[in-house]
There are 2 protein chains.
Amino acid sequence: MPATIYDVATHAGVSISTVSRVVNSPQGVNPATRFRVQRSIEALGFVPRADATARARRLHRQVGVLAPFFTYSAFVQRLRGIASSLSDAGYELVVYNADTPEHIHAYLHSLPLLRRLDGLIIISLRLDDMLAVRLRASGLPVALIEATHPSLSGVDVDNREGGRVAGKYLMAAGHRQIGFVGGDYAVGDYTLRTSQLRLQGLCEVAEAAGVQVQVPALPANSATREDAQQQAFELLARSQPPTAIFAASDTLALGVLRAARERNLRVPQDLAVLGFDDLEFAEYIGLSTISQSLEVSGRQAVELVMAAMADEQTLPRHVQLPLHVVRRETA
Amino acid sequence: MPATIYDVATHAGVSISTVSRVVNSPQGVNPATRFRVQRSIEALGFVPRADATARARRLHRQVGVLAPFFTYSAFVQRLRGIASSLSDAGYELVVYNADTPEHIHAYLHSLPLLRRLDGLIIISLRLDDMLAVRLRASGLPVALIEATHPSLSGVDVDNREGGRVAGKYLMAAGHRQIGFVGGDYAVGDYTLRTSQLRLQGLCEVAEAAGVQVQVPALPANSATREDAQQQAFELLARSQPPTAIFAASDTLALGVLRAARERNLRVPQDLAVLGFDDLEFAEYIGLSTISQSLEVSGRQAVELVMAAMADEQTLPRHVQLPLHVVRRETA
DNA sequence: TTTGTGCCTGAAAGTGCTTTCATGAAAGCA
DNA sequence: TGCTTTCATGAAAGCACTTTCAGGCACAAA
């Protein structure tokens, strides 16, 4: 059984208050006493228990992350940013996986009440007004990533602008037949509809340039590679098939790439493919894509929760991250 | 301010003991009293605070995972298994990123003392005898993944056998010039040397069949795609280049694939490529590989820590997961 | 000698539950 | 009716720290 603050106090012949002070604010205690206590601490190998400290300080030094982790690939890179910022700030990271609407619902309602967390980061989940207001009222500092809500801090990108950037890039490369492949990660009512926005942006600039965007007959209601592959097959089978396809995510772009290979189309000569996200594997496979600074989004979110933790009264802040195309080999 | 157990007790006109019993073992309390208390609980919206419960029970319902997450791609899939098993068991998952030897050292020495965790899972980190014994003695239940040690529970695979499986598979496909590309994730003294073992297994079966294995002149001391690409270039530039390359991981295989593309080699006709791990993207890009059941390893590890948590005296258990080749398009 | 002024230090409250132990009431039995 | 047994409940200890508050003590000034 490890030593407690009481053991140290007895051993050094002082009160526990003094031991606590030696640990937390040594300058306030008489040098002679301090050295004696320090020797006792070392002799007994005393280390304050994190949970006891947390209780007394009413600060847990833990921040939670709620996300549909395993259905959604972009989380790793966001998490990377979150983890490193959090660790720099001396906070631990606890992970809540929310792949189903039921899980999400349960977490969202219990986490604020359990009072185990100092802050919470919610990734890629759409929150309705009621929920957002409840969260805000619960007193648990929250930051959103990818989604936004007026009453909660958040960091996102301009998805419509992303579609415009993609369209301009492809048209600048001479494409006049542009296809779109999309779909969103389905998590019930919490599903975020970014794919649609990216398509809108694409259509805007295409229309302005007199270029028509080809959209699959059946829009997918999920975001798997297989869906994308089927969508691509459909587009490529048309009488005037697209010479370029913009996929609403890198994962979907993989499906397009596969479809191209199966139809013996050379990329980018016969078919240019442009993704969205800039996931890690995009670089590996040479996929051209729109980068949305995933890692930075994680760091930003940590800053936002920290701000909310420092001052609960502060107004929600919203950060919008820039987008840029990363030119590689597929477009 | 949320309601506490005291508020409920007052409201229902009972003692806090009774409220506690209604929450935790309702069958032991008189139905009339029970209903009254339950009504008070609902009226006040009482939810027991997780940290208070944890303290009183001396059980935190949190398990930690320590791993070089962001230098090591296989973690996502392992984590998926861990997260879902943990959540089924009602435990939370706290993540400790350990990309540098210094971080690892600090975590390994502080986590057992801070007493915030009920258990710890350590992924892909080599522990020396002293550390393993210390951990064991600390009383914090531990399970290892990918590494093993006699005094700690662990789940791993037979890496040498993995090399043999790869060699047999490639030779059965007719290859007589087999190349190897390898390298390990470098985390100082904690670096695990699995690449070497996989090579040994490959050499064993090749030698037995009179086939020579081609190994790059400069073995890489890291495991990046770029390293693998350079290694592959070197092998392919030889007078008698390999017709198949076994890469010690899927990430490395990506580098080989890239090298093949740059040299205008068709895969698998001109060069067969076989990976190891079966990461998620392997399926996406059609990479043939040796699966090591990453998700299962996570589930197994949870079982092992749980066993250790249930009975601290129990002997360490070791589980070895099966390997099998997943035939796709590259070999 | 008395009063004032800091500096150290200890006592004690606060944190919100679980769980053991003891007690009283009610029920069962002869 | 008197005794035992069971059931339901409350009191209180325990958890391991931080932090506030008050007071003791030494030293300087009056």
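Here is the naming used below: chain letters follow the sequence lines, and residue numbers restart at 1 for every chain. Any value given below was found using the heavy atoms of this structure, including those in side chains, with hydrogens, waters and symmetry copies removed. The structure presented is a predicted model; accordingly, all values stated were derived computationally and were not measured.
When each of dT18(D), dG16(C), dG10(D) is scored by its nearest atom to the side-chain atoms of Tyr6(B), the top-ranked nucleotide is dG16(C). Comparing atom distances between the Ser17(B) side chain and each of dT9(C), dA11(D), dC17(C) picks out dA11(D) as nearest. Comparing dT18(C), dG10(D), dC17(D) by their nearest atom to the side chain of Ile16(A) picks out dC17(D). Closest contact between the side chain of Ala52(A) and the listed nucleotides dG10(C), dA16(D), dA12(D) involves dA16(D). Picking from dT15(C), dT9(C), dT19(C) the nucleotide with the shortest atom distance to the side chain of Thr18(A) gives dT9(C). In this structure, of dC17(C), dT18(D), dA16(D), it is dT18(D) that holds the atom nearest to the side chain of Ala56(A). Side-chain proximity of Val14(B) to dT19(D), dG10(D), dA8(D): nearest is dG10(D). Closest to the Ile5(A) side chain, of the nucleotides dC17(D), dT9(D), dC17(C), is dC17(D). For Ser15(A), the listed nucleotide lying nearest its side chain is dA11(C); candidates were dT18(C), dA11(C), dC17(D).
Looking at heavy-atom distances under 4.0 Å, Ser20(B) makes contact with a base. Residue contacts shown for Asn24(A) are limited to sugar-phosphate atoms, with no base heavy atom under 4.0 Å away. Here Arg21(A) lies in heavy-atom contact (under 4.0 Å) with a base.
In terms of heavy atoms, Pro112(A) sits closest to Leu140(A) at CA-CD2, 4.0 Å. Between His60(B) and Arg115(B) the shortest heavy-atom distance is NE2-O, 3.0 Å.
In this structure, the CZ atom of Arg115(A) is 15 Å from the C1' atom of dC17(C), given to the nearest Å. If you take CG of Asp51(A) and C1' of dG16(C), they are 14 Å apart, rounded to a whole angstrom. Taking atom CZ on Arg57(A) and atom C1' on dT15(C), their separation rounds to 14 Å, with Å as the unit. One interatomic measurement links the two molecules: CZ of Arg58(A) to P of dA16(D), which rounds to 17 Å at whole-angstrom precision. Here the C1' atom of nucleotide dA26(D) and the CG atom of Asn30(A) are 12 Å apart, to the nearest Å. Here dG14(D) presents its P atom at 16 Å from CZ of Arg49(A), a figure rounded to the nearest Å. For the pair Arg61(A) CZ and dC17(D) P, the computed distance is 17 Å after rounding to whole Å. Atom NE2 of His60(A) is separated from atom P of dT18(D) by 15 Å (rounded to the nearest Å).
Annotation: cation-pi pair Arg126(B)/Tyr190(B) absent, no NZ/CZ under 6.0 Å from the ring centroid and within 45° of its normal.
With 3.5 Å as the limit, one finds a donor-acceptor pair spanning the side chains of Gln62(A) and Glu92(A). Between Arg317(A) and Ser153(A), the side chains place no donor N or O within less than 3.5 Å of an acceptor N or O (distance only, hydrogens not considered).
Phosphate proximity of dC8(C) to Thr33(A): absent, as no side-chain N or O sits under 4.0 Å from OP1 or OP2.
Summarising the base pairing, dA30(C) is matched to dT1(D) through a Watson-Crick or G-U wobble pair whose two defining distances lie under 3.5 Å.
Considering Asp156(A), Leu304(A), Leu127(A), Val155(A) in turn, Leu127(A) is the only one that fulfils the side chain to side chain contact (heavy atoms under 4.5 Å, CB included) rule with Leu144(A).
Side-chain N/O atoms of Arg55(B) and base N/O atoms of dG16(C) include a donor-acceptor pair closer than 3.5 Å.
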